[in-house]
Number of protein chains: 2
Amino acid sequence: MTSKPNARQPSHVACRDCSLSSLCLPLALSIKDIDQLDNIIKRGRPLKKGEHLFLEGDQFSSVFAVRSGAIKTYTATNEGEEQITGFYLPSEILGLSGMDTDTYPVSAQAMETTMICEIPFELLEMLSDQFPELRRHLMRLMSKRIREDQQMMMLLSKKNADERIATFLINLASRFRRRGFSSQSFRLSMSRNEMGNYLGLAVETVSRVFTRFQKNGLISAVGKEVEIRNSVELCALAGGKTLDPNQILVTSA
Amino acid sequence: MTSKPNARQPSHVACRDCSLSSLCLPLALSIKDIDQLDNIIKRGRPLKKGEHLFLEGDQFSSVFAVRSGAIKTYTATNEGEEQITGFYLPSEILGLSGMDTDTYPVSAQAMETTMICEIPFELLEMLSDQFPELRRHLMRLMSKRIREDQQMMMLLSKKNADERIATFLINLASRFRRRGFSSQSFRLSMSRNEMGNYLGLAVETVSRVFTRFQKNGLISAVGKEVEIRNSVELCALAGGKTLDPNQILVTSA
DNA sequence: CGTTGCGTTGAGACATTTCAAAATGTGTGG
DNA sequence: CCACACATTTTGAAATGTCTCAACGCAACG
């Protein structure tokens with residue numbers, strides 16, 4: 001093991017030395033070009049749990065990459081409640097949905113202590129003009145996001161509570177896996193409330209499904225710690241289409 | 001009146017002469033550059049109702065602009081039912097969500113006789129390299145789409161049947177309005193079934209809401225013909241956040 | 001004139017929400 | 001380290017909105 005994904009990283013790590021570079025924006029650039037990206041990236045102090053990265057309505061200026069920790073984005077419903085629109089894990093990019101407006105359409109808040117790389121959009125656009133590959137990567141990111149949102153719409157309009165939560169857990173597992181963490185056992189950074197909010201379910205329903213899943217041996221959960229005990233069943237519940245090939249948890253020898 | 005938006009257009013209209021150019025891709029280009037876009041655009045024969053523009057899994061090659069008529073996109077759920085992911089009216093662009101994959105993630109089908117402009121993606125990318133404005137416009141399109149999808153997710157997770165249908169009707173009205181059609185009175189190109197499918201409701205529920213809305217004087221509907229009789233109430237039901245400024249139907253003197 | 005597709009209407013079933021309360025967890029100041 | 005306040009999670013019972021199933025009406029069509 002040359003790198004521990006969960007090790008705390010100093011805030012001044014360069015892109016070229018960042019363990020996430022293969023998952024993050026730099027993947028679009030060749031080694032020597034990465035340094036140019038590196039130069040425009042701002043690395044702020046860590047955000048504490050509950051701190052905001054930006055607020056809905058703030059002047060749009062940057063996109064962000066999560067380095068460690070976790071971020072949620074949310075917007076206010078007509079009745080003033082919060083509606084969570086996404087959870088972001090290390091290496092994931094947020095802020096792109098504000099691109100065509102002058103303000104962010106959502107607020108972004110740290111769910112735990114979180115480190116962030118900030119990329120001023122104007123500079124990113126300039127760099128995009130220079131590197132077609134970076135540009136295409138950005139396009140791909142957005143296109144991927146559109147497809148993911150459509151999966152989410154499918155979940156919200158066709159799936160029942162069990163299927164929603166199974167899908168959510170499998171999705172999280174695969175994202176952890178991709179970053180070198182265990183996909184069998186992990187810690188949720190969001191509360192039951194936030195999970196329910198995101199999935200269009202009442203807190204109580206989330207809780208009930210969790211207990212039911214435990215009774216049926218699908219998972220075991222203590223607080224925010226979750227272990228997937230029967231990934232085959234859980235995937236089946238989630239429905240094949242939500243898994244992409246590298247999400248498949250090893251089931252055969 | 002110099003142009004009738006609903007007049008049938010010959011299939012060889014150039015972008016520069018198209019009445020939709022101010023809503024469509026060309027808006028990103030200066031007059032003389034439009035001709036370049038024009039050169040790469042393919043204009044096929046009209047699609048008849050039910051014909052497919054592309055199928056889920058087809059090789060991704062082009063994005064499309066609707067010239068007249070209407071298109072729906074859909075994907076298959078795990079159980080093999082169809083899940084409609086969007087409706088496209090004249091001047092709207094579809095196919096962008098396939099950009100980062102080699103195949104289209106959805107199928108696209110004509111809901112009525114429809115004319116299409118096809119833009120080969122490879123050529124569009126080349127043109128993008130040449131015109132930063134076009135590139136930014138494409139980005140904006142995708143970013144807009146992401147925000148719209150998020151509105152949709154909000155609808156699906158927080159709104160009841162009445163609110164969903166009100167939102168849907170107001171949204172359609174505003175889109176018709178933008179293209180110079182009446183926003184008070186229009187013809188739905190989709191069936192009750194398709195509407196319910198899209199909104200995550202059973203057909204019967206759609207039907208019931210329609211009759212209730214008529215009893216309450218919000219709308220009047222005969223088959224697919226809809227007239228909005230109380231746009232204030234309907235907007236209120238839909239919830240302010242789904243309207244952008246130019247969607248506001250005139251209510252004051 | 002029967003057939004077919006689509007829309008409407010009614011009655012009962014069902015999943016999830018809502019409301020209420022208890023149980024558990026977490027943080028804070030003494 | 002304890003005690004207390006407060007937030008989160010869990011559990012139960014009743015309420016509710018939407019779905020499902022079934023029947024019927026209506027228009028288009030061969």
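Just so it is clear: chains get the letters A, B, ... in the order the sequence lines come, proteins before strands, and each one is counted from 1.
Residues passing the side chain to side chain donor-acceptor pair (under 3.5 Å) test with Ser157(A), sequence neighbours excluded: Gln83(B). Evaluation of the side chain to side chain donor-acceptor pair (under 3.5 Å) rule for Ser189(B) yields no partner, not counting sequence neighbours. Here Ser107(B) pairs with nothing under the side chain to side chain donor-acceptor pair (under 3.5 Å) rule; sequence neighbours left out. Residues satisfying the salt bridge (Lys or Arg N to Asp or Glu O under 4.0 Å) test with Glu204(A), not counting sequence neighbours, are none. Residues satisfying the side-chain contact (heavy atoms from CB on, under 4.5 Å) test with Glu81(B), not counting sequence neighbours, are Lys158(A), Thr77(B), Glu79(B). For Glu51(B), the side chain to side chain donor-acceptor pair (under 3.5 Å) test picks out Arg45(B), with sequence neighbours left out. Applying the ring pair (Phe, Tyr, Trp, His ring centres under 6.0 Å) criterion to Tyr198(B), with sequence neighbours excluded, gives Phe87(B), Phe168(B). Scored by the salt bridge (Lys or Arg N to Asp or Glu O under 4.0 Å) test, Lys72(B) finds Glu82(B), Glu194(B) as partners (sequence neighbours excluded).
Rotation axes derived from the C1' atoms of the five outermost pairs at either end of the helix from dC1(C)-dG30(D) to dG30(C)-dC1(D) lie 40° apart, to the nearest 10°.
With ring centers used as reference points, Phe54(A) lies 6.0 Å or more from Phe60(A).
For residues 207-221 of chain A, the pairs satisfying salt bridge (charged side-chain N to carboxylate O under 4.0 Å, His left out) are Asp162(A)-Arg212(A), with sequence neighbours left out.
A heavy atom closer than 4.0 Å to some atom of DNA chain D occurs in Gly200(B), Leu201(B), Ala202(B), Glu204(B), Thr205(B), Arg208(B), these being the qualifying members of residues 196-208 of chain B.
Separating the NZ atom of Lys158(B) from the P atom of dG17(D) is a distance of 17 Å, rounded to the nearest angstrom. Taking atom NZ on Lys224(A) and atom C1' on dT10(D), their separation rounds to 14 Å, with Å as the unit. In this structure, the CE atom of Met195(B) is 14 Å from the P atom of dC6(C), given to the nearest Å. Lys49(A) places its NZ atom 10 Å from the P atom of dT26(C), with the value rounded to the nearest Å. Distance, Asn160(B) CG to dT18(C) C1': 15 Å, rounded to whole Å. In this structure, Arg164(B) atom CZ and dT18(D) atom C1' are separated by 9 Å, rounded to whole Å. For the pair Phe210(A) CZ and dT9(D) C1', the interatomic distance rounds to 11 Å; values are reported in whole Å. Spacing between atom CD of Glu225(B) and atom C1' of dA27(D) amounts to 15 Å, rounded to whole angstrom units.
A donor and an acceptor atom, one from each side chain of Asn171(B) and Arg175(B), are located under 3.5 Å apart.
Across dG7(C), dT18(D), dT16(C), the shortest atom-to-atom separation from the side chain of Ala161(A) is found for dT16(C).
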Restricting both atoms to N or O, compile the protein contacts to nucleotides 4-6 of chain D shorter than 3.5 Å, with distance only.
none

